2 protein chains.
Amino acid sequence: MSQGNTRVTPQVVNAHACPVREVLDRVAGKWSVLIIVAAAHGPIRFTELERGVEGISRRMLTLTLRNLERDGLLTRTVHPTVPPKVEYELTPVAHELHASLLGLTDWAERHRVTIAESRAAYDARHQPE
Amino acid sequence: MSQGNTRVTPQVVNAHACPVREVLDRVAGKWSVLIIVAAAHGPIRFTELERGVEGISRRMLTLTLRNLERDGLLTRTVHPTVPPKVEYELTPVAHELHASLLGLTDWAERHRVTIAESRAAYDARHQPE
DNA sequence: CAGCATCCAGAGCGATACTG
DNA sequence: CAGTATCGCTCTGGATGCTG
């Protein structure tokens with residue numbers, strides 16, 4: 001860790017050691033969060049998710065659900081009926097994650113406008129036309 | 001909220017309307033967060049960032065810095081000296097973001113092990129060999 | 001020192017079609 | 001209903017080399 005250095009600057013951030021990145025890698029996928037939000041208030045079926053998460057394809061829904069299940073963020077319950085019925089439900093861990101995301105949501109909503117303005121200003125500054 | 005429906009299920013989540021996704025789109029890039037973390041405790045120079053954020057290429061550092069600057073998350077100060085010196089500093093908005101990320105960091109650290117185990121178990125279950 | 005331009009490989013994701 | 005399989009594009013990001 002510490003080398004006998006008196007300077008402050010180092011502050012090395014390792015992409016692999018950084019826990020924030022770990023979460024983000026898990027959550028950054030285009031759909032993961034949306035699915036978590038959609039499933040936040042109780043068990044939900046495949047087709048309901050398909051409708052609930054606007055714009056998601058069947059393929060991506062399946063893939064994302066598998067990943068979330070793999071990470072232990074949701075459980076998959078197959079009801080052996082005809083027609084088949086599968087329900088997905090957030091695990092406690094995922095609920096905690098959902099709660100933590102609220103901080104970000106909040107940030108986003110507070111600064112959404114500011115950021116949009118900043119972008120517009122920047123673009124105007126750099127592309128006169 | 002309620003449509004005359006007695007069922008609960010609807011819960012439509014729109015990818016474009018969702019504020020969480022907005023943040024994530026901004027932050028999910030492989031490097032944004034790491035740069036924010038690296039710059040969190042004061043102004044920092046280009047080369048210092050290059051060393052501080054392990055594994056980043058010069059190209060990605062430049063690109064990510066531009067995006068962060070564009071969003072108003074950091075300021076770029078050029079000191080007209082020889083050799084040139086450029087300092088990047090987080091804006092208050094970015095500091096707030098950094099604070100919000102703590103919730104996620106925390107979550108990640110609490111469940112890192114559990115998640116890894118869950119993955120291993122899942123993989124074992126689905127790929128006997 | 002700080003950065004831009006070019007080239008290139010791979011991941012991510014959408015569209016579509018088929019199945020238990 | 002709840003998936004799986006295949007194709008192909010787009011976009012990200014790494015490597016390298018050139019400049020003020």
Side-chain angles (χ1 to χ4, degrees), chain A residues 9 13-16 18 21 24-35 38-39 43-71 74-89 122 125-127, chain B residues 7 9 13-16 18 21 24-35 38-39 43-71 74-89 122 126-127:
Chain A
T9 19
V13 180
N14 185 317
H16 300 291
C18 182
R21 267 249 56 86
L24 289 174
D25 284 341
R26 207 171 324 281
V27 151
K30 195 171 173 184
W31 304 110
S32 307
V33 192
L34 297 181
I35 290 180
I44 185 168
R45 300 182 59 177
F46 188 89
T47 314
E48 291 173 341
L49 281 169
E50 201 174 356
R51 293 168 197 280
V53 180
E54 309 242 296
I56 196 170
S57 66
R58 201 160 278 182
R59 174 187 140 89
M60 286 317 295
L61 179 54
T62 303
L63 286 180
T64 311
L65 286 173
R66 287 295 166 278
N67 282 327
L68 292 174
E69 187 192 355
R70 190 165 99 106
D71 288 345
L74 52 76
T75 59
R76 179 171 177 270
T77 311
V78 181
H79 301 272
T81 60
V82 180
K85 175 177 176 178
V86 179
E87 283 190 320
Y88 294 91
E89 184 170 17
Y122 182 96
R125 216 178 303 132
H126 291 260
Q127 301 159 4
Chain B
R7 287 285 286 135
T9 22
V13 179
N14 186 316
H16 300 291
C18 182
R21 268 248 55 88
L24 289 174
D25 285 342
R26 206 171 324 279
V27 151
K30 196 172 174 184
W31 303 109
S32 307
V33 191
L34 297 181
I35 290 180
I44 185 168
R45 299 182 58 175
F46 188 89
T47 314
E48 291 173 339
L49 281 169
E50 201 174 358
R51 293 169 197 279
V53 181
E54 308 242 296
I56 195 169
S57 66
R58 199 160 280 179
R59 173 188 141 89
M60 285 318 295
L61 180 53
T62 304
L63 286 179
T64 311
L65 286 173
R66 286 297 163 278
N67 281 327
L68 292 174
E69 186 192 356
R70 189 166 99 107
D71 288 344
L74 52 76
T75 58
R76 180 170 177 272
T77 313
V78 181
H79 301 272
T81 59
V82 180
K85 174 177 177 178
V86 180
E87 283 190 320
Y88 294 91
E89 184 170 16
Y122 183 96
H126 291 261
Q127 302 159 5

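Please read all numbers here as calculations on a predicted model, not as lab measurements. Every chain is numbered from 1, with letters handed out A, B, ... down the list of sequences. Because only heavy atoms are used, hydrogens play no part in the values below, and waters and symmetry mates are left out as well, while side chains stay in.
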From CG of B:Leu63 across to C1' of C:dA5 the rounded distance in Å is 11 Å
Judged by nearest nucleotide, the residue sitting upstream toward the 5' end of DNA chain C, A:Ala28 or B:Arg66, is B:Arg66
Closest heavy-atom pair, B:Glu48 versus B:Ile44, reported as atoms and distance to 0.1 Å, is OE1-CG1, 3.2 Å
Between CG of A:Leu65 and C1' of C:dC13 the distance, given in whole Å, is 15 Å
Whole-Å distance, A:Asn67 CG to C:dG12 C1', equals 12 Å
Rounding to 0.5 Å, atoms OG (A:Ser32) and CG (A:Asp25) come to a distance of 11.0 Å
So CG of B:Leu63 and CZ of B:Arg66: to nearest 0.5 Å the spacing works out to 8.5 Å
Margin query: Test your reading of the model: is there a side-chain donor-acceptor pair from A:Arg21 to the backbone of B:Val33, 3.5 Å cut-off?
Written below: no
side-chain contact (heavy atoms from CB on, under 4.5 Å) for B:Leu65 and B:Phe46? Distances and angles first, verdict last.
CA-CA 9 Å; B:Leu65 286 173; B:Phe46 188 89; 3.9 Å; yes
TODO: Scan A:Thr47 against the nucleic acid and name what it touches under 4.0 Å (heavy atoms): base, sugar-phosphate only, or nothing.
DONE: sugar-phosphate
Counting primed atoms, P, OP1 and OP2 as sugar-phosphate and everything else as base, the B/S/- map of nucleotides 14-20 of chain C against protein heavy atoms under 4.0 Å is BB----B
Outer limits of DNA chain D sitting under 4.0 Å from a non-hydrogen atom of chain A, read 5' to 3', are D:dC1 to D:dT6
So CG of B:Asn67 and OH of A:Tyr122: to nearest 0.5 Å the spacing works out to 8.0 Å
Note: B:Ala38 and B:Leu49 closest approach over all heavy atoms is CB-CD2, 3.9 Å
Evaluate side-chain contact (heavy atoms from CB on, under 4.5 Å) for B:Ile35 paired with B:Leu68, printing each intermediate quantity in order. CA-CA 9 Å; B:Ile35 290 180; B:Leu68 292 174; 3.8 Å; yes
